[in-house]
Amino acid sequence: DETEKRRGMPSVNAAFDNKIAVLAGDFILSVSLQKAVSIGDLRILSVFSLLGRYLSLGELNQLSNVKELNTSEDSYLNVIREKTAMLFAACTEIGALSSDASDIQTKALRSYGENIGMCFQIRDDIFDYYDDPAIGKPTGNDIREGKITLPLLYTINQQNTSSQEKIMAVLRDKDFSEENIKMLIAFAKENGGIEYARGKMLFYADEAKKALATFPDCQAKNSLLMLADYIISRKK
């Protein structure tokens with residue numbers, strides 16, 4: 001996606017180039033598949049296969065939303081579920097499968113992973129509205145790419161027709177001057193977008209914790225509970 005920084009560090013395509021980034025990604029994927037095959041559990045291979053499908057659909061649906069200027073919250077949530085939450089869900093489900101967890105435990109861990117994935121992505125989207133070098137990406141970066149993330153999406157849908165049209169005109173014309181980026185960010189902040197997104201983030205964090213109720217108290221469970229708290233409080 002041509003992003004030059006991730007978490008404050010140069011991205012692979014910035015440090016080298018896109019070709020090397022793609023080849024490195026292909027190599028990591030092939031090694032992961034090889035490891036999955038070596039375990040000999042077809043359920044794990046099935047999770048891997050579905051994950052590739054979800055990630056691709058998520059990115060394609062996001063591109064479609066950008067092109068169509070889709071302001072549906074359900075569409076936004078579906079995109080982040082496919083492009084981010086399914087990755088977390090696959091990791092926690094594979095962890096369960098590889099340790100012979102019961103079906104109930106496996107479903108619970110998959111639910112936990114999906115919910116912290118939703119929480120993680122919404123937290124990332126909130127970062128886009130703050131100017132802090134520690135975050136590791138430019139303020140308004142998502143907006144410049146035409147992505148209408150939850151804080152702005154919510155405020156667009158809460159405003160009257162004239163306010164909506166002013167905002168949509170900027171997005172439709174891709175008029176992403178520094179002045180307009182600041183205006184869109186201020187619009188989201190002043191009209192409750194950040195608070196709404198934080199509320200959604202806390203909801204998914206709570207759902208993740210609830211999914212662990214089936215497990216007895218232990219160090220591993222406590223670590224997963226603390227991870228959910230860390231995701232909503234992280235600074236980058």
Q: List the steps and the verdict of side chain to side chain contact (heavy atoms under 4.5 Å, CB included) for Asn70 and Ser64.
A: CA-CA 8 Å; Asn70 190 337; Ser64 175; over 6 Å; no
(Q) For the backbone of Phe176 and the side chain of Asn180, can you confirm whether one donor and one acceptor N or O come within less than 3.5 Å of each other? (A) no
Q: Quick one: closest heavy-atom pair of Lys200 and Ile122, and the distance?
A: CB-CD1, 4.0 Å
Q. Using the ring of each side chain (for Trp, its six-membered ring), is Tyr196 parallel, tilted or perpendicular to Tyr154, with breaks at 30° and 60°?
A. parallel
**Q.** Reported CD1-to-NZ distance for the pair Ile44 and Lys35, which is rounded to 0.5 angstrom
**A.** 13.0 Å
(Q) I'd like to know whether Glu179 forms a side chain to side chain contact (heavy atoms under 4.5 Å, CB included) with Lys182, so could you lay out the CA-CA distance, the side-chain angles of the two residues, the decisive distance to 0.1 Å, and finally the verdict. (A) CA-CA 5 Å; Glu179 182 181 353; Lys182 289 179 181 178; 6.0 Å; no
**Q.** Over 12 non-hydrogen atoms of neighbours within 6.0 angstrom of CG in Asp17
**A.** yes
Q | Side chain proximity check, Glu145 to Val66, heavy atoms < 4.5 angstrom | A | no
Q) Do other residues, nucleotides or ligands put more than 12 heavy atoms under 6.0 Å from Arg53 CZ? A) no
Q: Indicate yes or no for a side-chain donor-acceptor contact from Arg234 to the backbone of Phe120 under 3.5 Å, with no hydrogens or angles considered.
A: yes
**Q.** Least distance between heavy atoms, Lys209 atom then Ala228 atom
**A.** CE-CB, 4.0 Å
Q: Would you indicate whether the side-chain heavy atoms of Leu225 and Asn222 approach each other to under 4.5 Å?
A: yes
Q | Validation row: Thr155, Glu190 side chains within 4.5 angstrom (heavy atoms) | A | no
Q | For Lys236 against Phe127, the heavy-atom pair lying closest together | A | N-CZ, 3.5 Å
Q | Smallest separation among heavy atoms of Ile231 and Ile116, with atom names | A | CD1-CB, 3.9 Å
Q. Think Arg123 forms a cation-pi with Tyr204, using NZ or CZ under 6.0 Å from the six-ring centre and within 45 degrees of its axis?
A. no
(Q) Do Ser72 and Asp74 pair up side chain to side chain, a donor and an acceptor below 3.5 Å, judged on atom types alone? (A) no
**Q.** Charged tip of Lys147 within 45° of Tyr76 ring normal and under 6.0 Å
**A.** no
Q. Hey, does Asp124 have a side-chain heavy atom less than 4.5 Å from the side chain of Thr149?
A. no
Q. Looking at side-chain heavy atoms only, is the closest gap between Thr106 and Leu109 below 4.5 Å?
A. no
**Q.** Minimum heavy-atom distance between Pro151 and Tyr129, given as atom pair plus value
**A.** CG-CE1, 3.6 Å
Q: Find out whether Ile148 and Asn65 are in side-chain contact, i.e. whether some heavy atom of one side chain is under 4.5 Å from a heavy atom of the other.
A: no
Q | Pair Glu93-Glu114, side chain to side chain contact (heavy atoms under 4.5 Å, CB included): steps then yes or no | A | CA-CA 10 Å; Glu93 182 176 9; Glu114 180 176 340; over 6 Å; no
Q. Does the side chain of Gln158 pick up a donor-acceptor pair with the side chain of Asn191 at under 3.5 Å?
A. no
Q) Just by modelled atom types, is the Gln105 backbone N or O under 3.5 Å from a matching donor or acceptor in the Thr214 side chain? A) no
Q | Main-chain N/O of Gly95 paired with Ser98 side-chain donor or acceptor, under 3.5 Å | A | yes
Q | Note: Lys210-Glu207 ion pair, threshold 4.0 Å (strictly below) | A | yes
